[in-house]
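Side chains included, hydrogens not; waters and symmetry mates left out as well; all remaining heavy atoms used. Just so you know, residue 1 is the first one in the sequence shown, and it goes up from there.
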Amino acid sequence: MDESTALLTEQLRHANALLQAQIKTLDARLAHQQAMNQQRLAMLEEQIRDHETRIRTATEGVTQFKLFSGLASGGSGLMSMVALIKAFLGG
């Protein structure tokens, strides 16, 4: 009985060691996965900020273009009216 008890104790110790090694492996994988997720999240947040900046810049450019285009169109329309009035008045 003493020999079987020693064998059983050794088997339990070995099983315990295997389980602890497996738990350490799982902890390492979990830590690695968390680090990867944090890195991905940081990259996505940076891409969102960059995208928002690009959209704002493009919107400002379009607004400025519309303003200058409207002013140029208004100026040419005004000059056309002046020319038309001048033509009617015989000048």
When rounded to the nearest 0.5 angstrom, what is the spacing between [atom1] in [X] and [atom2] in [Y]?
{"X": "I23", "Y": "L18", "atom1": "CD1", "atom2": "CG", "answer": "11.0 Å"}
{"X": "R13", "Y": "L8", "atom1": "CZ", "atom2": "CG", "answer": "11.0 Å"}
{"X": "L44", "Y": "H51", "atom1": "CG", "atom2": "NE2", "answer": "13.0 Å"}
{"X": "L84", "Y": "M79", "atom1": "CG", "atom2": "CE", "answer": "12.5 Å"}
{"X": "D27", "Y": "R29", "atom1": "CG", "atom2": "CZ", "answer": "11.5 Å"}
{"X": "T25", "Y": "L30", "atom1": "OG1", "atom2": "CG", "answer": "12.5 Å"}

For [X], all residues meeting side-chain contact (heavy atoms from CB on, under 4.5 Å), sequence neighbours excluded:
{"X": "N16", "result": "Q20"}
{"X": "E52", "result": "I48, R56"}
{"X": "R54", "result": "D50"}

**Message:** Would you say that more than 12 heavy atoms from the other residues, nucleotides or ligands in this model lie under 6.0 Å from the CD of E45, or not?
**Reply:** yes
